Structure formats: C-alpha cells, structure tokens
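Each remark here refers to the structure printed beneath this line.
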Amino acid sequence: MRTGLRHGPAGGATPYGPAGGATPAAPPLPLTERLAALAVPCPVHPSVHRIEAAAIAWSRRHGLRADPGGGAHLLAGRAFARYGTDAATMFARWLIWMSAAREDPAALAGVPAVARGDEPGPAAVERAFADLWRVCAPRMSDGWREGFLAGLDAQRAALLRAAAPAAGDYPPFGRDRFGRYLFDLVEPCAGVEAPAAVRRSPHWAAVVEAGCDVVAWCADLVSGGGYLAAASPGAGGDPVAWVTDRLVERMDDLWTAARMIPQVVERRGLDTAAAREVIQVTCAFLTIPRAYLEWLLESPRYRHLA
C-alpha cells in the first residue's frame, strides 16, 4: 500500500494523538489488513524455548543482560523458523549482543581490534563479541568481514552523534544507529555466503535498506525514540500514524526489491547451489522484518494495530 508520505510531518501533535483538543482521527486500519505479509500466521521455530534457554545462558556467561522473556529468542525463532536450532540460537545471541552494544556504544571502540585478532578487554561487549566472532568469522570471506566491520564503525559513529537528523534525513542514520550489519549476520548464522557480485548489486542493497528500515522503525515505535522522536517536534496529525504509514511503504519497497533478486541471480549466471543460497538469504531478509512486526504488534502500546 502506497501512502505518498515521503517527507517529514507538519503541525502540532503528541505521539499519542492530536493536540489542542482536535477531533481524534478515525481508528487506524489494522496492519494485518494493510500488509499482505501479515495475512497468514508467522511460523515460530519448534525449539524456541531451547533457543531462549541457550541464549540466556550464553548471555549470563559473558556478562550481558538477558532477562527471561526479553524477546531475542522469539525474534530469532521467527526469523529462522525453518533453520536448525543452532542457526536460530546464534542469531538470538547476536541480537542480544547488538542490544548491549546500542546501550553502551563506547564499549564498541575496542571491538574492531578484537575482530583483527587482539585479545578482548574486560568489557562484556568485547568479550561476548570475541566469542561470536570466533565462531562466525572464519567461515566468511574477507569481503564479508570488511562489510560487517564497516557497518559496525557506522553504528558507533551514529550512536555517538550528538543530535539525530530531522525526520526527512533520518532513515540512513537510523539504519546505522540500529546496526545495518544485522542483515549481514544472516549468512554466517545460516552457514552460507552470497557471491560478492550479488551483494554489490543495487537490488540487494535495496532489499537490505528497506528491511533494516522496517526493523529499526519497529524498535523506534516500541521505544518511543529514534524515528518517532524525529517526527514528533512540530508534527501535524499523529507521528505514530505517520511512522506506521512509512513502515507500510517500506514493507512494500522490501517485497518489490526482493522480487528482483531472481533476475540478479540469472544475470550473474550462478550455478544451482549458489542460486539456492542467494534465495535462501533473501527469504531470511523477508522473515526478519516480519519477526519485528510481530514483536511490535505484541507490545501493549500497539496491539490495537494487530
């Protein structure tokens, strides 16, 4: 569904409704009616409780906070519902680590050195990263590792930035702030790697950017910050509704871009095995935003959108 909302909002409302006693807007259409991706139940990994237990044990072992019911296991269990338990558990661990990194961006300073082989320092973020990197990095190419670390550097810079940009300029910043390398992590968790020629294609970038926008904006809606906060000052109407409309648009963009990937595969002349791996990764790029949408709709503030 296209709404035509491509710029920042204008006017004067709170994130919870119209300001100044204005007449409330009509109740929003449920996202299940606006997004075809939500029309069918979202599968969950059959071993989701094992994933939760393993992720919590790993987090505590490395000094990270992972409270029961924290949600990483459900996100991973939905995003990797059709993968093995080990793949989904690894993704859950990365989600927990990313959350810790966003909470303590200064701790990211030593992570690139750890990635180059240095011993981690005492910070939990460094030590947990060393464990994840030891498992995931050796199976990946130099190009993949360089791309991941570039995303990590961009995240740290965004997190340490003094002020966020206005809503119209926010999306690239929001992707960096959340961690666009989230989508890079699909490959080591799944045990595959897309060819560099595919990863460099504009269609691949379009899938990743749209998917990361959906994920980051779901997180911003739940937290009340990020894109929602950027849209709120001087906003007209309801900033929550505005960001939700943009989220619907980006899901449309995501599926449009993903439909082009088979053509990219064909043009690159990939063999059957490589083509299968590219499509496998692309499918995960679609299930990750779906998992975050389910998480958004399960939050008390947004159940009315389900």
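Quick caveat: nothing in here was measured; it's all calculated off a predicted structure.
Counted within 6.0 Å of CH2 on Trp133, heavy atoms from surrounding residues, nucleotides or ligands total more than 12; the atom is thus considered enclosed. By the 6.0 Å contact criterion, CZ on Arg50 is open, its count of non-hydrogen atoms from other residues, nucleotides or ligands being 12 or less. A 6.0 Å sphere centred on CZ of Arg177 holds no more than 12 heavy atoms belonging to other residues, nucleotides or ligands. Counting heavy-atom neighbours within 6.0 Å of Arg139 CZ, excluding the residue itself, gives a total above 12.
Within the 4.5 Å cutoff, the side chain of Leu38 has heavy atoms near those of the Arg290 side chain. When side chains are defined from C-beta on, Arg301 does not count as touching Val222, because their heavy atoms never get closer than 4.5 Å. The shortest distance between side-chain heavy atoms of Leu108 and Leu159 falls below 4.5 Å. No side-chain heavy atom of Gln263 sits less than 4.5 Å from a side-chain heavy atom of His203. For the pair Arg250 and Pro171, the minimum side-chain heavy-atom distance is 4.5 Å or more. The shortest side-chain heavy-atom distance between Leu74 and Trp295 does not fall under the 4.5 Å cut-off.
Listed for the Arg78 side chain is no donor-acceptor partner under 3.5 Å among the backbone atoms of Val44. Looking only at distances, a side-chain donor or acceptor of His45 sits under 3.5 Å from a matching main-chain atom of Tyr83. A donor-acceptor contact shorter than 3.5 Å is absent between the side chain of Glu119 and the backbone of Val114. Side-chain atoms of Glu52 do not come within 3.5 Å of backbone N or O of His73 as any donor-acceptor pair. Judged by distance alone, the side chain of Arg145 and the main-chain N or O of Ala137 form a donor-acceptor pair under 3.5 Å.
Residues Pro112 and Ala109 share a closest heavy-atom pair of CD-O, 3.5 Å. Of all the heavy atoms in Leu254 and Gly211, the pair that sits closest is CD1-N, 3.9 Å. Of all non-hydrogen atoms in Ala88 and Ala76, the two that sit nearest each other are O-CB, 3.3 Å. Contact record, Leu270 with Val198: CD1-CG2, 3.9 Å, taken as the closest heavy-atom pair. Of all the heavy atoms in Val215 and Pro289, the pair that sits closest is CG2-CA, 4.0 Å. Pro188 and Cys136 make their closest contact through CB-CB, 3.8 Å (heavy atoms, listed as atom of the first residue, atom of the second, distance).
For an aromatic pair to be called close, the ring centres must be under 6.0 Å apart, and Trp94 with Phe148 satisfies this.
Taking the side chain to side chain contact (heavy atoms under 4.5 Å, CB included) definition, one finds that Asp131 meets it with Trp58, His62, Arg134, sequence neighbours left out. For Phe285, the ring pair (Phe, Tyr, Trp, His ring centres under 6.0 Å) test picks out Phe183, Trp204, with sequence neighbours left out. Scored by the salt bridge (charged side-chain N to carboxylate O under 4.0 Å, His left out) test, Arg199 finds Asp184, Glu187 as partners (sequence neighbours excluded). With sequence neighbours left out, Phe173 forms a ring pair (Phe, Tyr, Trp, His ring centres under 6.0 Å) with Tyr170. Taking the ring pair (Phe, Tyr, Trp, His ring centres under 6.0 Å) definition, one finds that Trp217 meets it with Tyr227, sequence neighbours left out.
Val135 and Leu95 fall within the same hydrophobic cluster, where Ile, Leu, Val, Met, Phe, Trp and Tyr residues are linked whenever their side-chain heavy atoms come under 4.5 Å apart, directly or through other members. A continuous path of hydrophobic side-chain contacts links Leu221 to Met98 [ILVMFWY only; heavy atoms under 4.5 Å]. Linking Ile, Leu, Val, Met, Phe, Trp and Tyr residues whenever their side-chain heavy atoms come within less than 4.5 Å leaves Ile96 and Val48 in two separate clusters. Tyr181 and Phe178 fall within the same hydrophobic cluster, where Ile, Leu, Val, Met, Phe, Trp and Tyr residues are linked whenever their side-chain heavy atoms come under 4.5 Å apart, directly or through other members. Both Leu286 and Ile279 belong to a single network of hydrophobic side chains, linked directly or stepwise wherever heavy atoms of I, L, V, M, F, W or Y lie under 4.5 Å apart.
Rounded to the nearest 0.5 angstrom, Leu182 CG and Gln155 CD are separated by 10.0 Å. A distance of 3.5 Å separates CD in Glu193 from CE in Met140, rounded to the nearest 0.5 Å. Of the inter-residue distances, the one linking Leu152 atom CG with Arg180 atom CZ reads 10.0 Å to the nearest 0.5 angstrom. The structure places CG of Leu185 at 10.0 Å from CE of Met90, a figure rounded to the nearest 0.5 Å. Here the CZ-OG1 distance, from Phe80 to Thr287, works out to 7.0 Å after rounding to the nearest 0.5 Å. Taking CZ from Arg267 and OG from Ser201, the interatomic distance works out to 8.0 Å, rounded to the nearest 0.5 Å.
A salt bridge does not link Asp252 to Arg34: none of the charged side-chain nitrogens sits closer than 4.0 Å to a carboxylate oxygen.
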Verdict with reasoning, Thr244 to Asp238, per side-chain contact (heavy atoms from CB on, under 4.5 Å): CA-CA 10 Å; Thr244 303; Asp238 183 351; over 6 Å; no
Run Leu297 and Leu31 through side-chain contact (heavy atoms from CB on, under 4.5 Å) and show every step you take. CA-CA 9 Å; Leu297 296 177; Leu31 285 179; 3.8 Å; yes
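Listed by first then second residue, pairs satisfying salt bridge (Lys or Arg N to Asp or Glu O under 4.0 Å) with a partner in residues 147-172 number zero, not counting sequence neighbours.
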